[in-house]
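Just so you know, these numbers come straight off a predicted model, no measurement behind them. Just so it is clear, the values below take in all heavy atoms, side chains as well, and ignore hydrogens, waters and symmetry mates. Every number for a ligand or one of its atoms is a count from 1 in the order of the listing.
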Amino acid sequence: METEQLASPYVDVVVLSPVKTPPGEAAPSFTYHVPDELRGHLDVGSLVVIPFGSRRLYGVVVGFSDETPVPETRPVESLADEEPALTPTQIHLARWMSREFLAPLWRCLMLMLPPGAMGRADVQVELVKEEIEDGDAKTEAQEQLITVLDAKGPLRGGQLNRLLPRKQWRRAADQLARRGIVVKSSFLAPPRARPQRVRTAEWVASDVDIDEALAGLRSECYPAIVRFLRAEGGPVDVSWVYAETGCQRYHLTKLAERDLLAFDTEETWRDPLADETFVPDTPPKLTSDQQAVWDKIKPQITNDKSQVFLLHGVTGSGKTEIYLRAVAEVLAQGQQAIVLVPEISLTPQTVHRFGARFGRRVAVLHSALTEGQRYDVWRQIRAGMKDIVVGPRSALFAPLSRIGLIVLDEEHDGSYKQGAPPPRYHARDAAVELARLTGATVVLGSATPSLRSYVRARRGEWTLLEMGRRVMAHVQRIAELRSRYNLPRSHFRPVGEESTEARYMELPPVQIVDLRAELRAGNRSIFSRALQGAVDETLKRGEQAILFLNRRGTATFVMCRDCGHVLCCPHCETPLTYHGPRSRLVCHHCNYRQAQPDRCPQCGGDRIRYFGLGTERVEQEVHRRWPEARTLRWDRDTARNHAAHASILHLFSTGLAHVLVGTQMIAKGLDLPLVTVVGVISADTMLNLPDFRASERTFQLLAQVAGRAGRGLLGGRVVLQTYHPDHYAVVAAAAHDYAGFAARELAFRREQGYPPYRRLVKLVYEHASLSRARAEAEALAGSLSDALARRGLPASDLIGPAPAFFARLRGRYRWQILLRHTDPARFLCAVQVPAGWRVDVDPVSVL
Ligand code: ADP
Ligand code: ZN
């Protein structure tokens, strides 16, 4: 069948650009014919260049046919990459995502191509009139354009943008083109990323007398070069030769002139893990909890039916060890694995553990890689040189050809949902679909599973696996840490019958502190008496504390005491946050900054005050209360990149600071052996938000933060400050009681008709004009409610239209509609949402 296909005269191509689809045509692909020189070279998944109107664009071949639905077809112009860029499975997955998340197919396909695989489309302008006369330029812009083209020859849009005022040259070019003075043509830049080549040198003289051959060459480099290259016995990267022999380019050239060595070039892979050394480790014997789980998963990996497991176990309960087993098993079957992690810069340990177990078969993809590195990693994967891909949600689209396992660690994490650009997909759903297409096994792991996954597992669609509510450590690691930190004791203990290298610790006790009672008792500090006592003790023993607050800055809003005016961002209409050190007011949405005013801009009064608190303020208060303690702050203001994360962590874990203050970054998987107190400054930051997931997010975060304290060798305790000590999310998190929380929350969701029982779509329209945004929202709401009525569905399934929670962002007004439906994508397809709407199926937040 394959070969027949390859000989077909026509191909269906999805154009990788926003183009209008033929009217009445649901499948947005176009038919082209295959020119003779490309016959037999195209395949499903080939990346091609095609003419489209007056432009040349990239496209992906999605099918072949013997007939064409249109009378006249244009030829495929060229093949951008000899190897197919996408697998047939990926094209199926893209089609599914396009349907399910209501996104253009080309955008879904683009997710699966590496950045840099395509060059940018551009326009080229060329002067064609032989003799330019005085009257040819009718405007100043035309005059300028003619002058530069005359001086420099044909120019591309990008070059013209740098030389001339942007908008004007485009209009001038159009006008001149109409009069035949210039010609505009479409230009497609070559792919940005290219294979990297290195220059090599090789010793090629076999039977020569060295002394004679080197006659007259005096430097000591020459014999060294000869020795080195002869010993290597093949082409060697010249930079190696320089490094090994201390020679320079000049010396090599001299030898080449005498035909003693030959230069060549060779392709190399830019490997982001090249400098990592992986210490191989041996798999430990599984504990009985792990064995029970593994006995369920293992048989599924061996068969080719797709199955989804939800592995529920606290951080440190041994889930990663299960992932490692599963990967090993899949590799033994000759298949490959994808391991997704929420935020790779925060989970370097995970990458290391996979590297330690599987060495160079592991590839890592993440956004901190350069475009060239990503391109190379992608091509190595496609070439079958890597069998395990570890990365954030986008790693799901790595071009592996034999996927047998997909792992999502911390499956509840919000970063698995793509917000922008479309498709607004959830990696968990896409992973389950990809597994269905390939017969792969899915393992979703979490200490606090999303309710969506939990319900599916409870219903029996997926398999729920639980591991004990204890944290574990390897004896060897405990010994290592004890000697490194010189620790007298460890709270890890053997458990009864276990004869393995595993040691356990119970989850830490959590104390809930009622902040209202603190106020009544006259304590106005941001630290409750319980927390002060706990930190005092910890510092006295030379141990460490973590203080957590899910908000940056010094004060969360700034208000005038006289008139009540709150200082807001001029573009977003949300309160500005005060950041202490440089006395700046910052918008956390658009990063707008202004200096702190001395007087209220509204009434001119000078009683401007700061309310609410953020991490900066917490740090200041720590200095005031514990002047001798050294602090570190870890939030988006102090850790903007990979390296900054690593260095903060390093400083803290080596004991150079006593107190770490931070936002939710702290909650993610890190191991800090000396921490014995975790204080949650306020458990309430998210609890009061008007979002149906506020309780779930609060529970997840508190449970994760509380779990931190249970991982140090010394045991620990958690102090959780709140104005809502009786809220079930707070109470359940303090008791490490996931099931209790889920039962309460699910009852609420069922009653309110919220996910996971019903599905939601969030539709947002933004416009600089408020009345336009509102009119659009009202019009769409009208047609949605008609459609609901026609189907006999309750009007209450439509929520809105209303201004969004963030009613104005970056200068644009936002209106929003929420819709409840069991199959929202299908329903909305029938309604035809007009262009300009942002459609989010299964939003992670309705704010
Ligand atoms: P999780 O992924 O749930 O956070 P891990 O798999 O990272 O848990 O396990 C926690 C710690 O316990 C790790 O340091 C790991 O090396 C160790 N560990 C896991 N399984 C075993 C085992 N069977 N025997 C000994 N140590 C183990
Ligand atoms: Zn703003």
Side-chain angles (χ1 to χ4, degrees), residues 278-295 297-298 309-329 339-344 346-358 390 407-413 443-449 464-482 484-485 490-508 653 666-673 675 700 703-713 715 736 738:
F278 292 126
V279 185
D281 78 339
T282 30
K285 185 174 177 310
L286 294 182
T287 65
S288 54
D289 278 358
Q290 286 172 323
Q291 191 63 48
V293 161
W294 181 231
D295 286 344
I297 298 177
K298 186 178 173 188
F309 293 96
L310 176 60
L311 178 54
H312 175 207
V314 297
T315 311
S317 59
K319 299 185 296 296
T320 306
E321 192 52 46
I322 297 289
Y323 309 152
L324 290 163
R325 288 295 157 119
V327 170
E329 186 67 29
V339 180
L340 302 186
V341 291
E343 168 69 84
I344 206 142
L346 301 179
T347 44
Q349 307 97 316
T350 311
V351 175
H352 269 273
R353 283 172 72 184
F354 281 84
R357 200 71 56 89
F358 305 107
V390 183
V407 173
L408 266 87
D409 190 27
E410 310 282 350
E411 67 91 30
H412 64 276
D413 196 278
V443 179
L444 307 173
S446 177
T448 51
L464 183 61
L465 303 170
E466 313 222 59
M467 291 210 291
R469 283 167 36 185
R470 281 180 310 212
V471 281
M472 192 199 305
H474 195 282
V475 273
Q476 201 184 318
R477 170 134 178 94
I478 296 173
E480 233 175 73
L481 290 172
R482 282 188 62 177
R484 175 160 5 133
Y485 293 101
S490 151
H491 277 234
F492 283 96
R493 300 267 169 270
V495 171
E497 85 293 0
E498 301 277 1
S499 61
T500 62
E501 312 98 40
R503 294 292 178 272
Y504 290 100
M505 181 156 44
E506 297 306 314
L507 286 171
S653 66
I666 279 182
K668 310 227 169 168
L670 39 126
D671 238 341
L672 296 166
V675 173
Q700 283 167 350
Q704 301 272 343
V705 174
R708 284 289 105 235
R711 298 191 70 195
L713 290 193
H736 307 290
Y738 177 82

Worksheet item: H312 and E466: side-chain donor and acceptor closer than 3.5 Å?
Response: yes

Worksheet entry | Nearest option to atom 19 (C) of ligand 1, as decided by whichever heavy atom of H474, M472, E410, M467 sits closest | M472

Worksheet item: Counting only heavy atoms, which portion of A473 has something under 4.0 Å from ligand 1: side chain, backbone, both, or neither?
Response: backbone

Discussion item. Quick check on V314 - does any of its heavy atoms sit under 4.0 Å from an atom of ligand 1?
Written reply: yes

Worksheet item: Are any of the N or O atoms of E501 closer than 3.5 Å to those of ligand 1?
Response: no

Worksheet, complete the sentence: R482 meets the side-chain contact (heavy atoms from CB on, under 4.5 Å) criterion, sequence neighbours left out, with I478, L487, S490, L713

Practice prompt. Carefully, step by step, assess E329 and W294 under the rule side-chain contact (heavy atoms from CB on, under 4.5 Å).
Written response: CA-CA 11 Å; E329 186 67 29; W294 181 231; 3.9 Å; yes

Item to complete: Output the distance between atom CZ (R357) and atom CD (E321), rounded to the nearest 0.5 Å.
Response: 4.5 Å

Practice prompt. Apply side-chain contact (heavy atoms from CB on, under 4.5 Å) to V314 and list each qualifying residue two or more places apart in sequence or on a separate chain.
Written response: S317, V471, L507

Fill in: Per-atom contacts of ligand 1 with T287, taking only distances under 4.0 Å to non-hydrogen atoms
23 (N)

Practice prompt. Give the numbers and elements of all ligand 1 atoms closer than 4.0 Å to a heavy atom of L286.
Written response: 23 (N)

Practice prompt. Could you tell me whether R353 approaches ligand 1 through its side chain, its backbone, both or neither, with non-hydrogen atoms closer than 4.0 Å?
Written response: side chain

Discussion item. Any nitrogen or oxygen of P284 lying under 3.5 Å from a nitrogen or oxygen in ligand 1? Just yes or no.
Written reply: no

Fill in: ligand 1 contact by G316, heavy-atom criterion under 4.0 angstrom
yes

Worksheet entry | Side-chain donor/acceptor of Y485 to backbone N/O of E480, under 3.5 Å | no

Discussion item. Heavy-atom count check: over 12 atoms from other residues, nucleotides or ligands less than 6.0 Å from Q476 CD?
Written reply: no

Discussion item. As an exercise, identify every atom of ligand 1 less than 4.0 angstrom from a heavy atom of K285.
Written reply: 22 (C), 23 (N), 24 (N)

Item to complete: Go through the steps for V293 and K319 under the test side-chain contact (heavy atoms from CB on, under 4.5 Å), then give the verdict.
Response: CA-CA 10 Å; V293 161; K319 299 185 296 296; over 6 Å; no

Fill in: R477 N/O to ligand 1 N/O under 3.5 Å
no

